[in-house]
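Structure, as structure tokens:
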Amino acid sequence: MNAEAAQSVKFKVDRDVLADAVTWTTKSIPQRPAVPVLTGLLITANADGSVDLAVFDYEVSARARIAADVEVEGTILVSGRLLADIARALPPQPVVFELDGTKVSVTCGSSRFALMTMPVEEYPALPEVPETTGVISASDFQSAVGQVNIATSKDETLPILTAMRVEIEGDRVTLLATDRYRLAVREFTWNPRNPQVEAVALVRGKTMAEAAKAMSGDIEIALAESGGKEMLAFSSEGRVTTSLLVEGDYPKVRSLFPKDVAITAVLETSALREAVRRVSLVAERNSPIKFEFADGSLVLRAGAGDDAQATEALPATIEGEDITTGFNPGYIAEGLAQIDTPFVRFSLTEPKKPVVISGMTEADGEEDTSYRYLLMPILRF
């Protein structure tokens, strides 16, 4: 990109289309950019009647292509977050962009803004999008990512745990995440371009979640080397997200799943969700909810001493000995929210050992192992 590219630009675009694309794209602008130019939104008006919006921070890029009435093609760079605020506030009328010297005028009805441009030539070159590895429907991908992303760590001091592990083996994909207190694993099938493909990648959970929520239709996923670095790309209906992979060795957490399960309990999913929500109202911060599995029922307890207390009992189909354990209220609630079957199964071994939560279509049916949520217990009652 050179300075001449930003000498003349003019186009008109639908206000709602602009606001949606700008809002989504600018979510990838870094909070603390390495250089000021990375706060910019790169806007390119093309001769074919399209406008490309892009941001890039050397690790993650987001691009959106929208239809427009392009009078003069060219490229400009303006403050991304400021334009996002303006676009959302504009009246429901066509928006006209026109470069005027070092400023860009944004006109919509009787509203007019003048934005300073930033040097296009200083903006980093966008990464090349690798060839597609496989395709999956947006709805399936959104569901899978949502189920696993809850277990990614939010602690940036441990970057490896803020990532989601992606394992590809032919037509089967496994997503895995852990924050040391819980572990979520989701398996699903997709349509690979090469039926023999095998790959493993670590991608930031936040990037995966944002990419999944913004896509519709079919999502093309590409895992390959670009510019000498491994990256993952997501493309769907004019929107593209790329991300460099997180480097490092992911902890070998699969060994946490018990080989033998001595105790199982099956409950109605919606009833348990609501009971946990109610009992959690009196649980002090960092205090667990006690789970008592005995005599064909689960009793939930929270609160103690002179504090508020709550108790609720639910019918349960229990196989094995009685057992009492406890869980972080937020973690157990988040896990149950991801179970999309009528019944939920708890697989337990000992009070201090992790529990595995999975779904079941019928109370006396087979366990659905496509999604498993492993949770470490808390026994401070």
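Only a predicted model underlies this, so the values are computations on that prediction, with no experimental measurement involved.
Residues that satisfy the side-chain hydrogen bond (donor to acceptor under 3.5 Å, both in side chains) test with Asp14, not counting sequence neighbours, are absent from this structure. Take Glu187 and apply the side chain to side chain contact (heavy atoms under 4.5 Å, CB included) test, not counting sequence neighbours, and it matches Arg172, Thr174. In this structure Glu274 satisfies the side chain to side chain contact (heavy atoms under 4.5 Å, CB included) test together with Arg277, Arg278, sequence neighbours excluded. A search for side-chain hydrogen bond (donor to acceptor under 3.5 Å, both in side chains) contacts involving Thr264 returns nothing, not counting sequence neighbours.
Residue Leu38 comes nearest to Tyr58 through the heavy atom pair CD1-CE1, 3.7 Å, listed as atom of the first residue, atom of the second, then distance. The two residues Arg63 and Pro127 come nearest to each other via the heavy atoms NH2-O, 3.0 Å. Nearest heavy-atom pair, Thr178 versus Pro251, reported as atom, atom and distance to 0.1 Å: CG2-CG, 4.5 Å. Here the closest heavy-atom approach between residue Arg15 and residue Ala89 is recorded as NH2-N, 4.1 Å. A pairwise comparison of heavy atoms in Met118 and Gly40 identifies SD-CA, 3.8 Å as the closest pair. Shortest non-hydrogen contact noted between Phe56 and Ala125 is CE2-O, 3.4 Å.
Salt bridge status for Glu167 with Arg254: present, with a side-chain N to carboxylate O gap under 4.0 Å. Using a 4.0 Å cut-off between charged nitrogen and carboxylate oxygen, Lys10 and Glu73 do not count as a salt-bridge pair.
Proximity of the aromatic rings of Phe141 and Phe234 is defined here by a centroid distance below 6.0 angstrom, and this criterion is met.
The CD atom of Glu230 lies 10.0 Å from the CD atom of Glu247; values are rounded to the nearest 0.5 Å. Going from atom CZ of Arg301 over to atom CZ of Phe291 covers 13.0 Å, rounded to the nearest 0.5 Å. Between the CG atom in Leu223 and the OG1 atom in Thr132 there is a gap of 11.5 Å [rounded to 0.5 Å]. Taking OG from Ser235 and CE from Met215, the interatomic distance works out to 6.5 Å, rounded to the nearest 0.5 Å. Separation of atoms CD (Glu131) and CZ (Arg193) is listed at 9.0 Å; rounding is to 0.5 Å. Between the CZ atom of Arg204 and the CG atom of Leu202 there is a distance of 10.0 Å, given to the nearest 0.5 Å.
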With side chain to side chain contact (heavy atoms under 4.5 Å, CB included) as the criterion, how do Val95 and Val106 come out once you've worked through the C-alpha distance, each side chain's angles and the decisive distance to 0.1 Å? CA-CA 7 Å; Val95 184; Val106 180; 3.6 Å; yes
Between Ile219 and Ile221, does a side chain to side chain contact (heavy atoms under 4.5 Å, CB included) hold up when you go through it step by step? CA-CA 6 Å; Ile219 301 177; Ile221 301 177; 3.9 Å; yes
Please walk me through it: do Tyr181 and Phe327 pass side chain to side chain contact (heavy atoms under 4.5 Å, CB included)? CA-CA 10 Å; Tyr181 306 105; Phe327 305 108; over 6 Å; no
For the pair Met208 and Leu232, evaluate side chain to side chain contact (heavy atoms under 4.5 Å, CB included) and give the outcome as yes or no after the intermediate values. CA-CA 10 Å; Met208 290 278 282; Leu232 195 66; 4.2 Å; yes
Check against salt bridge (charged side-chain N to carboxylate O under 4.0 Å, His left out), Lys12 and Glu71: CA-CA 8 Å; Lys12 181 168 64 176; Glu71 185 173 326; over 6 Å; no
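Applying side-chain hydrogen bond (donor to acceptor under 3.5 Å, both in side chains) to Gln147 and the options Gln338, Arg186, Gln142 leaves one that passes, Arg186. Checked against Met164 for a side-chain contact (heavy atoms from CB on, under 4.5 Å), the options Val246, Leu175, Thr207 give a single hit: Leu175. Residue Phe97 is tested with Val51, Leu18, Thr107 for a side-chain contact (heavy atoms from CB on, under 4.5 Å); the sole match is Leu18.
Judged by distance alone, with hydrogens and angles left aside, the side-chain atoms of Asp179 form a donor-acceptor pair with the main-chain N or O of Arg182 at under 3.5 Å. The backbone N or O of Glu98 lies less than 3.5 Å from a partner atom in the side chain of Ser105, making a donor-acceptor pair. Of the possible polar contacts, none joining the Asn46 side chain to the Gly49 backbone as a donor-acceptor pair under 3.5 Å is found. Using a distance-only test at 3.5 Å, with no hydrogens or angles considered, no donor-acceptor pair links the side chain of Thr152 to the main chain of Ala177.
Few gaps surround NZ on Lys154; more than 12 heavy atoms of other groups in view lie less than 6.0 Å from it. More than 12 heavy atoms of other residues, nucleotides or ligands lie within 6.0 Å of CZ in Phe188, so this atom counts as buried by the packing criterion. No more than 12 heavy atoms of other residues, nucleotides or ligands lie within 6.0 Å of CG in Asp249, so this atom counts as exposed by the packing criterion. Within 6.0 Å of CD on Gln309 lie more than 12 heavy atoms contributed by other residues, nucleotides or ligands. Annotation: Asp100, atom CG; neighbour count of heavy atoms from other residues, nucleotides and ligands within 6.0 Å does not exceed 12.
With a 4.5 Å cut-off on side-chain heavy atoms, Thr241 and Trp24 count as touching. Looking at heavy atoms from C-beta onward, Val276 lies in side-chain contact with Leu336 at the 4.5 angstrom threshold.
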Check: residues 343-361 side-chain donor-acceptor pairs under 3.5 Å, at least two apart:
from, atom 1, to, atom 2, distance (Å)
Arg345, NE, Ser347, OG, 3.1
Ser358, OG, Glu367, OE2, 2.7

Table please: side-chain donor-acceptor pairs of residues 26-33 below 3.5 Å, with sequence neighbours left out.
from, atom 1, to, atom 2, distance (Å)
Thr26, OG1, Val22, O, 2.7
Thr26, OG1, Thr23, O, 3.3

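A donor-acceptor contact closer than 3.5 angstrom is absent between the side chains of Asp155 and Ser153.
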